[in-house]
There are 4 protein chains.
Amino acid sequence: MEQNQIWDQLSLDEEEFTPKQKKIIAAAVEIFAEKGYAATSTSEIAKKAGVAEGTIFRHYKTKKELLLSIVAPMMAKMIAPFVIKDISRVLDKDYDTLEDFLRAMIKNREAFMEKNMLLFRILVQELPFQKELQEQFKEHIAAKIYTRMEKAVMHYQEKGEIMVMPSKTVIRLFLSTIFGHLMARFFILSSEEWEDEKEMERTIQFLMKGLSPDE
Amino acid sequence: MEQNQIWDQLSLDEEEFTPKQKKIIAAAVEIFAEKGYAATSTSEIAKKAGVAEGTIFRHYKTKKELLLSIVAPMMAKMIAPFVIKDISRVLDKDYDTLEDFLRAMIKNREAFMEKNMLLFRILVQELPFQKELQEQFKEHIAAKIYTRMEKAVMHYQEKGEIMVMPSKTVIRLFLSTIFGHLMARFFILSSEEWEDEKEMERTIQFLMKGLSPDE
Amino acid sequence: MEQNQIWDQLSLDEEEFTPKQKKIIAAAVEIFAEKGYAATSTSEIAKKAGVAEGTIFRHYKTKKELLLSIVAPMMAKMIAPFVIKDISRVLDKDYDTLEDFLRAMIKNREAFMEKNMLLFRILVQELPFQKELQEQFKEHIAAKIYTRMEKAVMHYQEKGEIMVMPSKTVIRLFLSTIFGHLMARFFILSSEEWEDEKEMERTIQFLMKGLSPDE
Amino acid sequence: MEQNQIWDQLSLDEEEFTPKQKKIIAAAVEIFAEKGYAATSTSEIAKKAGVAEGTIFRHYKTKKELLLSIVAPMMAKMIAPFVIKDISRVLDKDYDTLEDFLRAMIKNREAFMEKNMLLFRILVQELPFQKELQEQFKEHIAAKIYTRMEKAVMHYQEKGEIMVMPSKTVIRLFLSTIFGHLMARFFILSSEEWEDEKEMERTIQFLMKGLSPDE
DNA sequence: GATGAATGAGAATTCATTCAT
DNA sequence: TATGAATGAATTCTCATTCAT
């Protein structure tokens, strides 16, 4: 993966980053994703970034700070569609039918993954180990997403498109399916094995039917 | 988690293991599960096991060999229900209806998780990093499970209980849902938040409806 | 032996070596010479050099690399008199008589040993164990020295000062005598037991007569 | 090299050695000769000998004791020709001429090397490192050999076959030549490169002429 | 006598971090 | 800001040796 792309993922161009710092982040993202945080040495990052070992610690007090500085902003981006104007579009008005909503949701998440694959990988891989990430994730991500999702679920339940069931359960089933869809597409299956449009429709139909009220 | 339980997980009592060796494995399982393989030091394992550090290396040439010696047999156990007599029970004869099949499957996997939580955690956590595990997993686990599942899917498709759809997709949707179910129950939600019977029924209903043929 | 002298042996002053690195080399030379490579620990070297153990590995990836970095350049120096201008002086023109040649040779080797005793000791001691050294020695040292010596032998054979005999044998006899001379002087006998000038003349006479043509 | 031969070298069959002990010695000799004492681990010896690690220490309190138990008796054998009846044959009566004496000496040493190559190698390789060996060597070997040699030198000087020169020097020149001869034959040159009979004659001639009195 | 599990001291090497330049 | 030499604690692993069986 080229630097540009990683950089795009963090969308940090505008902020004041020295060129060296950018290289450090790019290198760290790649190696963290491949070998995991704990198995990555700062010297390896420095070498790949083409900077001196000390330079990393000029910008980040510790190795862990480097990790967090990488993952934290991507967590923020993860919830973007749930909190900003997008939300009005995705969750409130535009999507009259559940089907439209689901399709928009999946497409949105696919687009996100396309841009953030490595970062997402790091997040998923390190979440079990890094207490700090877990807390950030619970407080800022899970909670917010859950709140918004709950609204949407209740909305479509009122409209009679989702069966009556605790929203917690609906969200669990929904997220399992989406997560499985994304994993299959981005991490497990090769592109030849995956017919994008068709699989998306199948996932949508599965969710629609699975969540539909009993007649 | 007590040693006995871990031991039970590996079901290795019968083989010739030194008492010290058993302690080493028990300690390693716990710490690997909690902090991850890379972040676990052999000295930590030794201390927890109440053993000299050298003793670990008398039994396992390297730290990685210790990891593999722990995870490999549990992978074998993972597919047991898919390959032995159970399979006849689960996949072939007894379960006339899809619902029975799903219920049996979920219960079976829940029982498995109950006994193998830590080991399963290690497997899931290390799979992204350990090439050896990935290969073992692909060759011995994924392939076998997939083959058996495919049979079952086609069986219920013929019976008209599952819609016509590539079995690969059915399996993906099915496994996503099961995996999500197990993660929620064992790793995410506390026991108070989880009504076992009800959630199981909801998962089953979701799968049944989601996979049912369009009338 | 003082550092300066060792340093002089390697004649590496000019190259960019950290002061610490120089200390490491000096310490390593002394201990390797005394106890042998295998019996020398890096911690011992570090202590003697007044350096942290990690510092050694900043400059040399492995302990063996340290050994080679010490012995390799001295092997180069060993053949200097056989390949550079000295050769013209020693082997080609100036030394009309065999006696002059032998005397120059022995004096030259004695001077070399005076400066490189420790390094020479390491070379001789480790040669039986280190495959890398053996190869370097065969390819770069033995081959070159042999080639030049062969020329000189044939030269003096043509002049009738050395008997007709395979040059390989002459060289063997010659080197045995020189080596024995140097060992006696530098490693076996104390200075009181050794009358420098006289022993040199005796060695020369022994060689002259031993190699002289039958009348 | 086969065990029998090594065993023959030590000529220890008669003494009470358990079969395991014999295997240990045989294995140790081979590995010590190849990798050196310091670089050889007792576990390696045990494995090669096909015994348990502990067994070695049942017979030898320490690893060093094992080394000494191997080298010491071979040192004794080294001087055999100088101390027992052989001596009368070699040094006193039979050999009227220097030439006969030299030829007998070289042949004897060649025969010795043929039987004791590995042990000799160990001795030479470890002598620089093992103080105990050095002392044993100086006291028991060097001293005795020197004494006997001195007698012989004086004998042939009186007969006018060796020039007048300190016997110490004669011995040095003589041993250098013999040692070089043996090294070339046994350790440096391959058998195709070495014409046994001829090289022996050349060595003898070289010594004879080199040591002969000036007319 | 023989075993081999166990030990703990120490080996080589790694690594995050510091600091003078 | 950037460097990279230096550090020392920690890490993986080795090894001679012990000891209960």
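Proteins come first, then strands; the chains are lettered A, B, ... in the order of their sequence lines, and each starts at number 1. Not measured: the values here are computed from a predicted model.
Nucleic acid contact for A:Thr18: sugar-phosphate only, since backbone atoms but no base atoms lie under 4.0 Å from a heavy atom of the residue. Counting non-hydrogen atoms under 4.0 angstrom, D:Thr42 reaches a base of the nucleic acid.
Looking at A:Tyr37 and A:Gln125, their side chains never bring a donor and an acceptor atom within 3.5 Å of each other.
Remark: side-chain polar atoms of D:Gln134 are paired, donor with acceptor, to backbone N or O of D:Leu127 under 3.5 angstrom. Between the side chain of D:Thr55 and the main chain of D:Val51, no donor-acceptor pair closer than 3.5 Å is present. The backbone N or O of C:Glu65 sits less than 3.5 Å from a side-chain atom of C:Thr62, completing a donor-acceptor pair.
Rounding to whole angstrom units, NZ of residue C:Lys63 and C1' of E:dT14 are separated by 17 Å. Rounded to whole Å, atom P of F:dT14 lies 11 Å from atom NZ of D:Lys47. If you measure from atom NZ of C:Lys35 to atom P of E:dG10, you get 12 Å, rounded to the nearest angstrom. We find that CZ of D:Arg58 is positioned 12 Å from P of F:dA20, with the value rounded to whole Å. When the C1' atom of E:dT7 is taken as reference, atom CZ of D:Phe57 falls 13 Å away, rounded to whole Å. Atom CD of C:Gln21 is separated from atom C1' of F:dG4 by 13 Å (rounded to the nearest Å). Between the P atom of E:dT18 and the CD1 atom of A:Ile56 lies a distance of 13 Å, rounded to the nearest Å. A:Ile24 places its CD1 atom 14 Å from the P atom of E:dA16, with the value rounded to the nearest Å.
Comparing D:Ala38 and B:Tyr37 by the nucleotide of DNA chain F whose heavy atom lies nearest to each, the residue mapping closer to the 5' end is B:Tyr37. DNA chain E is contacted by both B:Val51 and C:Lys64; B:Val51 maps to the nucleotide lying nearer its 5′ end (nearest heavy atom per residue). Comparing B:Lys61 and C:Thr55, the nucleotide of DNA chain F nearest to each residue sits closer to the 5' end for C:Thr55.
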Review point. Does the pair C:Lys47 and C:Glu53 meet the rule for a salt bridge (Lys or Arg N to Asp or Glu O under 4.0 Å), with working shown?
Key: CA-CA 8 Å; C:Lys47 208 190 297 177; C:Glu53 207 171 343; over 6 Å; no
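A salt bridge does not link A:Arg121 with A:Glu34: none of the charged nitrogens is closer than 4.0 Å to a carboxylate oxygen.
Side-chain contact between A:Ile45 and A:Lys63: absent, with no pair of heavy atoms (C-beta onward) separated by less than 4.5 Å.
A close approach under 4.0 Å does not occur between any side-chain nitrogen or oxygen of B:His59 and OP1 or OP2 of E:dG4. Dashed line: the shortest gap from a side-chain N or O of B:Ser43 to OP1 or OP2 of F:dT12 is not under 4.0 Å.
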Practice item. Under 3.5 Å for both distances, Watson-Crick or G-U wobble, that's the pair rule; now give the dot-bracket for DNA chain F, with | marking pairs to another strand and [ ] for crossing ones. Key: .||||||||||||||||||||
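For C:Lys35 and D:Phe129, the positive end is not near the middle of the six-membered ring at less than 6.0 Å and at most 45° from its axis.
Minimum atom distance to the side chain of A:Thr62 is reached by E:dT17, of the listed E:dA2, F:dT12, E:dT17. Among the nucleotides F:dA2, F:dT11, E:dA6, the one closest to the side chain of B:Ser41 is F:dT11. Which of F:dT3, E:dG1, E:dT3 sits closest to the side chain of A:Ala52 comes down to F:dT3.
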